[in-house]
Structure formats: structure tokens, C-alpha cells
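These numbers come from the heavy atoms of this one structure, side chains and all, not from hydrogens, waters or symmetry mates.
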Amino acid sequence: MVVRVLPSSRGDVYSNTGSAGQLVKYLEHEAREEKREDRAIFFNLSQDRIRGEVVQQHLDTNVKGLRAKEARFHSIVIAPSQDELTHIKDDPEKLKQYTRKVMENYASNFHSRTGKTLTGDDLVWYATVHTSRRHRNQDEEVQSGLARNRQEKGGAQTHIHVVVSARDKRMHRTLHPDSGPKQFNYRAWLQNNNRDFTQQFGYHKLLTEEEQRQRLDKQLSRIDRAGLMLDRDVLASVGQQQKYGSRFWQTLNRLEREVRTGNVFTLNQAYERLQAGDNPNRLEKQLGRLDQLGLPLDQKLMNSIAKQQRYSSGFWKALTTLEDETRQGIVQTPGLAYERLRQAELQQRLDRQLNRLDRAGLLLDRNSINSIAQEQRYSAKFWRTLSGLESEARQGWQPTYNQIYARFTPKQERTSGGAKRDHVNDSRPPASDNRVSLNRGGSRPRPTPENYEISNGTTAGSPVPESGNRAPVANGLPQNEEGRGGAYRLPTLSTRPLQPVNLKPLLAALSFDSLPQEGGQAKNRDDFKRKRRRRR
């Protein structure tokens, strides 16, 4: 059963931003081709034999509240398979009953902020029955040369076309099926439709192996045209393992879309997608076995753990080991089981880190690193140490065995005397001669009194280099090789007491009357001031 909303992007008669007249006239084409005088071919929830003029008028007037470029209606197609049509004996009345049920599900799957559920009576929709279909250029039969464009398809081809307004009957709500899961649950709508067809007509489809292979060949042909050639035998083997379930076909359809968009372009990527399609079912079966052994685990938490570990082979191996230990009675509580799975996740992380170290040229003994990781309980410091080793290995550092494993040993604590012990096994590369050691703030360390020379009669002197060679001093400042001032030298202070100074002779020397005469013009104080202002 195929039930889908046709996209308006197809354009042509399915363009839904204007009047519905063009689509209504197109849906009448079978009646015109058969030259039937009775054009009352539409039906809705409660009526039959409705003419196209009434349908167009009702749809075009039920648009109050819609914006100018907003969709005014939507087109839905309901296409049973030939087996389903054979089961209901290709009865149009049964398809009409099923269509009304589909539109009831369509209304009930719209979510409202007030919590009110819509019914089929709240919708404005009309449908018609078509009994023939034609090939198009994009069909596989046309592209392979088995059929021509516009050629009628053989067998039973009865299907339903539905046109539904984008507003409810009272024109209070806008109803767009492509508005997202928060407003319309598209998947639940399809599931309800399939369930109702099975319950209403008692139809149970069991495909044979040959029919499954034929369906798989059609799917793979579309993937081949998208640009990725897959091995049919491998895909058939995967389908048999997953029993050709609905999840297998969903994964295959998703793979086709990803190939067309360029997200999947290699065979390995495609096979990984298909193998991962059955992971949820596999996990559910594994948890069922653990539950039977008396170890119930939370399914949501296990799904989260599996997704974090990307359903890796290590995860399945850890889960199988957990099942064996549960049978032996080693693991009896869910808490211990989660701890075992967490240890497996950390072990996978460690393996990835060691693989990067191997590629960087630093080969470590994995057993020793595993024991160190367990002793340090996979702490953050342990991971930082591994990352530091990786970065230094990429820079070309080739350490010794002792230097590598000394990194993981904790630093010595302070001794009882208060002094730090020397680290004779320090594994860091030796610093170069021109390396400057700075504190956290980036400033020079504060000098201690032992680094200064105390001369006679002074309280402080200039810093003395560790080598004992002092720079030449001139005019009280150290000089470098070019004779320029070097490092700062503290001034020498006298220890003699200050003597009183007579300021009268000094003030007399600064008086204006004692200044020398210039050009015979500055004869008094006022003349000198005027001349100084002119010079300015």
C-alpha cells in the first residue's frame, strides 16, 4: 500500500498556491477520454457523485486566513499494490471506504495547542477513483526500454486521488502535512493506514524469496543509476539475515537518498549503513536474553550507550561477555553490568588513542598501558598524559622506555623539611640554553637578596650574574659590549647625616637684578620681561 502526499514542487497541475481548477480538470481526464457524459466522479466523507465545479468552488473559497503565496490545498494518492487489489477483488466501493478511513487518520494526526483532536468531518476534501496508469520517463521500464512514455501499465492499476484543503471547514486552523512532526506525525499516519487496511480487509502479505529478490533488484537498479554499484549477492545475504523486515527496506531507501545527495559514495559506507540497519533489533534480542537470565537492563539507557559507542564490534563483544558472565553468576546486578559496559567503552577509547600513537611513531606496550589505566581509573590526568605523548611524538621526540613510563608516575610530595626533592627521573626533553623560564603571569621572577652585591656603605647593589662575571660599569650603570646601558643598577645611598644649607646666597643669585645686560637694552626688570615675551 502506497499512501503519500504529492509534493507541490512537481509543478504543473500539482501547483497548489493558486486555484484548484487546473487539478480538478486533470482528475477528470479519464471521464473525458472515456467520453462519459456524467462527470459527477468525486466523493467525500458523506456524499458520492459530486461534480468538478462544486469541488473547485468549495476548495477555492475555503482559503480565509491563508497568505498570498501559501499552499491552498494538498494532493494525496492512495495506490494499493496488485496483490492488495486482487485481495479486495478490485472493488472501487471498498477503496472508497478505505479512503474515508485514511482521511480520518489524516485529521487525527494533526496536533493542536489546545489538545483538541480533529475528525474527518472537520476537513474539506474530495476524492476520485482512477482505474488506469501510464508509464513516465523516470520509470525503470521506460529507461530500460521495456516500455514507452505514456504507455498504459498492465494489470490492475486502480488508485485514488484526494484533494484536501489547507484550512479546516470553519477556517480557524491551517493544516499542512509537511509542517513537521510537532504539527503532523507523518510516520504515524502511514502506520495507521497500513494497520487499518489489514484489519478492514484481513490482508496479510507474505512475500516469497523470489519476490523479495525482485523487489531488491528494483531498489538496487535505482541505486545503480544514482552512481553506486552494489553487489546483489551481498545485499541479498544482508536481507536474509534481517528477514527482509521493514527496517531493512527503510535503510535501503535512506541509502538511495544519501547516494543521490553525495553523502555516501563508497561501497564500504553503503555496507556499513546496511549492517547498522538491524542494530536496534539485535540489541532488543540481546536484552531479551539477559532479561531471561535474571538481569533486566533499562532499554533506553542501553540504546544511549550503544549509540555513544556507535554499535561497534567492541560493544557487541562486551555485551556477549556480559551475557556469559551473567550465566556464570559473576554479574548479578544492573549496576555492575553498566560498569562493565563503561569499562568496555573506556577500553575502546584507549585502543583508539594507542593506534594514533602507533601512527605517530611511538610504540607502547599495550598490556602495561592497560594496567596503568586501570590503576589510575582512567582519570583525566591519564588521558592528558597520553595526549601529551602523542603531540611530542609528532614533533619528533624519541624518548626512552624509562622516560615514557615515568610520565605516568605521580610527582613526589614535599619532604618533611619543606624542600622539594629532585626528580632524577624527569622525562621531559632538556631545555635549550636560550630558553627563558617564566612564571604563570609571564613576568620575570623576583630576585632574592642573595643575588645582589652589598658594598661598603650601601644598602643595595647591582645584580650579579650566576657565572660571577660582572659587566663593565661606567658612570654608575653597567655597560654592554657596545658601550650602551645594560641592566638597571640601584643607586648607592650615603649614610652620612644631612647638613643645614644657607639658601640666602642662592636666592640672591637667582634675582633678576643680578642678570647680565644684553645689548644695553635690558636695564631693569620690566624691560627684560618685555624682551623675553617678544622672543617667544
Side-chain angles (χ1 to χ4, degrees), residues 1-2 81-84 138-141 143-146 187 190-191 194 198 203-292 299 302-324 341 344-345 348 351-352 355:
M1 177 64 66
V2 176
S81 65
Q82 292 189 358
D83 290 337
E84 291 168 337
Q138 60 266 27
D139 292 344
E140 181 182 0
E141 291 80 0
Q143 294 188 3
S144 60
L146 299 177
R187 178 174 295 181
L190 299 180
Q191 292 175 351
N194 292 330
T198 300
Y203 175 78
H204 298 280
K205 177 62 176 176
L206 295 176
L207 295 178
T208 63
E209 181 68 24
E210 182 63 26
E211 291 173 335
Q212 298 284 12
R213 288 294 295 263
Q214 292 177 2
R215 181 181 178 184
L216 181 61
D217 288 341
K218 291 181 180 179
Q219 187 82 36
L220 291 181
S221 297
R222 293 195 295 267
I223 296 177
D224 292 346
R225 290 196 297 270
L228 188 64
M229 306 289 291
L230 298 179
D231 192 327
R232 279 167 168 72
D233 294 333
V234 174
L235 267 295
S237 176
V238 175
Q240 291 175 357
Q241 292 176 1
Q242 301 184 16
K243 298 180 180 180
Y244 291 103
S246 59
R247 192 177 296 274
F248 170 75
W249 297 111
Q250 291 173 4
T251 305
L252 209 57
N253 290 331
R254 191 181 307 112
L255 176 63
E256 180 184 352
R257 292 194 299 269
E258 291 180 344
V259 171
R260 293 185 185 279
T261 57
N263 294 331
V264 175
F265 50 86
T266 63
L267 296 178
N268 290 334
Q269 289 177 333
Y271 294 143
E272 287 177 1
R273 295 285 200 284
L274 293 170
Q275 290 289 351
D278 196 43
N279 282 330
N281 292 335
R282 182 179 177 184
L283 179 60
E284 185 177 357
K285 294 177 182 178
Q286 190 90 22
L287 293 180
R289 291 195 295 268
L290 288 171
D291 196 5
Q292 293 176 359
Q299 188 168 1
M302 291 300 299
N303 286 330
S304 177
I305 294 174
K307 288 180 181 179
Q308 289 177 0
Q309 300 189 26
R310 300 177 181 178
Y311 294 100
S312 61
S313 59
F315 169 77
W316 296 115
K317 183 178 179 181
L319 208 57
T320 304
T321 304
L322 179 63
E323 183 179 350
D324 295 338
L341 294 174
E345 180 183 2
Q348 294 177 35
D351 290 340
R352 292 194 295 268
N355 290 336

**Study point:** Main-chain N/O of Asp217 paired with Ser221 side-chain donor or acceptor, under 3.5 Å
**Key:** yes

Exercise for review: Report yes if the side chains of Leu252 and Leu216 come closer than 4.5 Å at any heavy-atom pair, otherwise no.
Suggested key: yes

Check your understanding: From Glu84 CD over to Asn194 CG, what is the distance, rounded to the nearest 0.5 angstrom?
Key -> 8.0 Å

Check your understanding: For the atom pair CG (Leu235) and CG (Leu220), what is the distance rounded to the nearest 0.5 Å?
Key -> 4.5 Å

Review point. Glu256 side chain to Gln219 main-chain N or O, any donor-acceptor pair under 3.5 Å?
Key: no

Revision key, fill the gap. In this structure, CG of Asp83 is separated from CE of Met1 (nearest 0.5 Å) by 11.5 Å

Review point. Hey, does Arg215 have a side-chain heavy atom less than 4.5 Å from the side chain of Trp249?
Key: yes

Study note, to complete from the structure: Scanning both residues in full, the closest heavy-atom pair of Asp224 with Met229 reads OD1-CA, 3.5 Å

